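Input: a single structure, listed below in structure tokens.
Basis for what follows: all heavy atoms, side chains included, without hydrogens, waters or symmetry-related copies. Every value quoted in this text rests on a predicted model; they were computed, and no experiment measured them. A, B, ... follow the sequence lines: proteins, then strands. Residue 1 opens every chain.
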There are 2 protein chains.
Amino acid sequence: MNDVAAAAGVALKTVSRVVNNEPGVNASTAERVHAAIESLGYRRNDGARTLRRGRTASIGLVIEDVADPFYSGLSRAVEDIALAEGCLVFTGSSGEDPARERELVLAFCARRVDGLIIVPAGTDHDYLTPEVEAGIAAVFADRPPGAGPDADTVVCDNAGGARTGTEHLLAHGHRRIAFLADAPSIFTAAERLRGYREALAAAGLPYDEGLVAMGRPDQARVLADLRRLLRLADPPTALFTGNGQITVATLRALAGTAGPVPTRQAPPSAGPVAIVGFDDFEPADLLGITVIEQDPVGMGRAAAELLFRRLSGESGPPQRLELPTRLVVRGSGERRPLP
Amino acid sequence: MNDVAAAAGVALKTVSRVVNNEPGVNASTAERVHAAIESLGYRRNDGARTLRRGRTASIGLVIEDVADPFYSGLSRAVEDIALAEGCLVFTGSSGEDPARERELVLAFCARRVDGLIIVPAGTDHDYLTPEVEAGIAAVFADRPPGAGPDADTVVCDNAGGARTGTEHLLAHGHRRIAFLADAPSIFTAAERLRGYREALAAAGLPYDEGLVAMGRPDQARVLADLRRLLRLADPPTALFTGNGQITVATLRALAGTAGPVPTRQAPPSAGPVAIVGFDDFEPADLLGITVIEQDPVGMGRAAAELLFRRLSGESGPPQRLELPTRLVVRGSGERRPLP
DNA sequence: AGAGATGGTGACAACGTTGTCAAGATTCGG
DNA sequence: CCGAATCTTGACAACGTTGTCACCATCTCT
């Protein structure tokens with residue numbers, strides 16, 4: 001900027017005015033400055049600018065994994081809104097590791113992002129309290145934080161969705177419904193378990209712990225649990241799978257792609273096991289899988305809108321939004337138990 | 001930092017030394033400074049730091065759409081390597097819009113990112129030349145840039161993969177193979193078309209433009225083109241689909257999920273149309289779709305490694321990496337034409 | 001013609017760091 | 001006990017902007 005000023009024969013401040021389209025610059029002077037900018041290939045240094053002005057016009061987004069379609073949809077929605085607000089986005093994946101989440105968040109805070117959207121991993125978010133007190137706005141998405149600052153939160157109706165899905169299976173005559181999900185330490189999994197139990201209780205059915213399999217969402221764990229379930233003396237006739245990854249892993253296990261499966265079980269398209277999954281996933285329609293659909297894009301949008309409302313000065317107590325879910329009937333959830 | 005210095009009764013510079021773990025600070029002084037930092041909840045302002053030091057320890061990543069599984073895998077790989085290098089990542093989706101790409105890239109440059117990884121949209125990247133000359137390292141991924149600076153590029157073997165896929169269908173007796181892909185203005189689509197044509201030529205078959213359908217990857221366009229193809233007097237007995245999105249759209253069209261399809265065509269699992277798709281996608285294994293697999297994570301990693309090698313001072317002419325593809329046989333590509 | 005308003009411009013400090021250099025205190029070798 | 005080496009500390013400028021204030025030249029109005 002100094003160089004531009006020198007080249008145009010004006011003061012630093014005048015260049016600044018031209019660059020920022022501030023009024024009160026003579027047209028011919030502005031012309032000269034523009035020419036100098038052009039010929040020197042000058043580009044304003046936004047780092048210095050934000051240092052001076054206090055706002056960085058950037059936000060941080062910490063999710064579990066960008067590569068997971070659920071979070072990448074959310075991510076895209078956040079990005080779009082941020083761009084419309086003239087804001088850039090730092091993205092980071094925590095991989096469900098609280099330490100990495102903390103590292104990312106603190107790095108974003110050190111960069112003085114204006115706000116944060118966080119899918120919290122782990123249970124302790126006290127480390128955020130001083131940052132929030134220092135004026136960084138935070139919104140939690142998908143899950144509420146553990147111990148930590150009171151902040152806006154957007155979740156979906158996990159329990160309600162799981163209840164609906166379980167009721168759907170019950171309505172089709174199933175009495176032995178297995179529940180496969182993430183580890184119960186994860187909020188969404190715990191809530192979905194709650195919904196599942198509520199539906200059973202409302203139908204007057206007992207809660208059988210032997211039908212519940214929660215843990216890591218990887219193929220091996222799901223395969224092992226599924227094998228155990230299908231070998232029970234009184235095996236389930238239906239499965240409720242607690243998220244997209246687990247639904248796919250379950251289908252893969254049933255199809256035999258992932259290794260040997262009990263012979264009593266044919267592939268899902270022909271077999272008798274009914275399935276309802278939480279989360280819609282890309283070709284669930286092609287596979288004919290009935291799901292409880294939630295809206296990751298809507299969640300990202302809601303979180304970003306909440307954040308930018310706070311950034312533009314809206315005060316008031318922290319809000320908690322709960323987005324609805326929707327049952328999408330496609331066939332896999334409507335099979336009746338074999339007699 | 002000033003406040004911390006005052007609270008600890010030391011000079012600014014000493015606090016700086018403590019914060020940065022520089023040697024030559026008395027242990028007891030450091031102790032006092034740490035206490036002051038703790039009690040004031042001080043966090044270093046990395047914006048000011050990077051202004052002073054010249055390096056921002058951040059890179060910009062511009063892809064077509066984070067929500068596309070191909071790019072989200074790439075994105076995650078870039079993020080992981082960047083984090084390991086102590087670098088944060090600005091992510092932006094261009095949505096295949098050259099203007100938006102330009103806007104994002106220039107915003108990143110104004111923030112003085114150290115480097116850029118770009119999946120170029122459009123054909124004109126001259127706007128990048130001054131930035132590259134100003135010292136911002138750039139690596140192109142998935143596609144080479146149009147007109148613009150000479151920079152490192154990582155692509156996959158698009159033509160080779162398409163040739164392999166087409167040859168696979170030819171080897172199973174197909175003579176009428178349709179080619180459905182992205183618009184030919186997109187590099188990858190053009191290259192894959194080239195591979196397809198090479199395979200036909202090598203087999204001594206004519207190139208029939210009527211069997212080629214390129215355009216937007218949305219469901220409606222694919223459905224319309226597919227309908228046209230299957231209504232031909234001499235319809236294709238096999239399809240080669242040019243990317244993940246188009247493969248899924250094609251399957252959806254064939255399955256009838258997306259609207260009416262010609263009755264001569266049953267759903268893919270039962271029907272006679274053989275399919276090979278470029279790009280593996282999440283449950284292609286469940287659907288039994290034979291694909292030409294490429295490795296988005298490997299591509300992201302290669303691009304990031306190339307970038308960080310440049311950032312650590314490696315010079316030399318721009319490199320062009322071509323990653324291999326792999327045929328994954330799953331059933332849909334091995335159906336023989338009906339007699 | 002003189003007082004006041006207006007438009008254009010610039011000097012300077014400040015944002016929060018870090019690099020450079022110098023100075024005081026301490027230790028060591030002879 | 002003296003000079004040199006070492007350790008610890010601090011003053012100050014600089015990074016590239018922008019906000020504040022002041023200045024000068026024109027106008028405008030009485």
Whichever of Gly24(B) and Glu22(A) has its nearest DNA chain D nucleotide further upstream toward 5':
Gly24(B)
Indicate, with a heavy-atom threshold strictly under 4.0 Å, whether Arg55(A) touches base, sugar-phosphate, or nothing.
nothing
Measure CE/Met1(B) against P/dA11(D) and give the value in whole Å, please.
14 Å
Under 4.0 Å: is that the gap between some side-chain N or O of Arg53(A) and OP1 or OP2 of dG19(D)?
yes
Could you tell me whether Arg100(B) and Asp80(A) make a salt bridge, using a distance below 4.0 angstrom between a side-chain N and a carboxylate O?
yes
Quick check on DNA chain D: between Lys13(B) and Ala27(B), whose nearest nucleotide comes earlier from the 5' end?
Ala27(B)
Asn2(B) CG to dG10(D) P, in whole Å, measures 13 Å
Taking only side-chain nitrogens and oxygens of Arg49(B), does any of them come within less than 4.0 Å of OP1 or OP2 of dT18(C)?
yes
Expressed as a whole number of angstroms, how long is the span from Arg44(B):CZ to dG16(C):C1'?
12 Å
Could you tell me the separation between the CZ atom of Arg52(A) and the P atom of dC12(C), rounded to a whole number of Å?
16 Å
From CZ of Arg111(A) across to P of dG16(C) the rounded distance in Å is 17 Å
Between Arg44(A) and Asn20(A), a side-chain donor and acceptor under 3.5 Å
yes
Need one value for Thr50(A): base, sugar-phosphate or nothing, where a base atom within 4.0 Å counts as base even if backbone is also close, heavy atoms only.
nothing
Rounded off to whole Å, could you give me the CG-to-P distance for the Asp46(B) and dT17(C) pair?
9 Å
Would you mind reading off the distance between Arg112(A) atom CZ and dC15(C) atom P, rounded to a whole angstrom?
14 Å
If you find the nucleotide of DNA chain C closest to Val25(A) and the one closest to Leu12(A), which residue's nucleotide is nearer the 5' end?
Val25(A)
According to a strict under-4.0 Å criterion, is Thr14(A) in side-chain N/O contact with OP1 or OP2 of dG10(C)?
yes
At under 4.0 Å between heavy atoms, what does Val19(A) touch on the DNA or RNA strands: base, sugar-phosphate, or nothing?
nothing
Report yes if a side-chain nitrogen or oxygen of Asn45(B) is closer than 4.0 Å to either non-bridging phosphate oxygen (OP1 or OP2) of dC15(C); otherwise report no.
no
Judged by modelled atom types alone, do Thr91(A) and Thr91(B) share a side-chain donor-acceptor pair under 3.5 Å?
yes
Check every atom of dG10(D), dT9(C), dG10(C) against the side chain of Asn26(A) and return the nucleotide holding the closest atom.
dT9(C)
Across the strands shown, which category fits Arg17(B) at heavy-atom distances under 4.0 angstrom: base, sugar-phosphate, nothing?
base
Under 4.0 Å, heavy atoms only, any strand: does Asn20(B) hit a base, just the sugar-phosphate, or nothing?
sugar-phosphate
From the list Ile118(B), Ile63(B), Leu106(B), side-chain contact (heavy atoms from CB on, under 4.5 Å) with Glu101(B) holds only for Ile118(B)
Hey, is the side chain of Ser16(B) poking within less than 4.0 Å of OP1 or OP2 on dT18(C), counting only N and O atoms?
yes
Could you give the distance from CD1 (Ile186(B)) to CG (Asn158(B)), rounded to the nearest 0.5 Å?
11.5 Å
Would Arg76(A) and Asp65(B) satisfy salt bridge (Lys or Arg N to Asp or Glu O under 4.0 Å), going step by step from the backbone distance to the final call?
CA-CA 7 Å; Arg76(A) 175 67 200 265; Asp65(B) 182 3; 2.8 Å; yes
Rounded distance (Å) that lies between atom P of dC15(D) and atom CG of Leu51(A):
14 Å
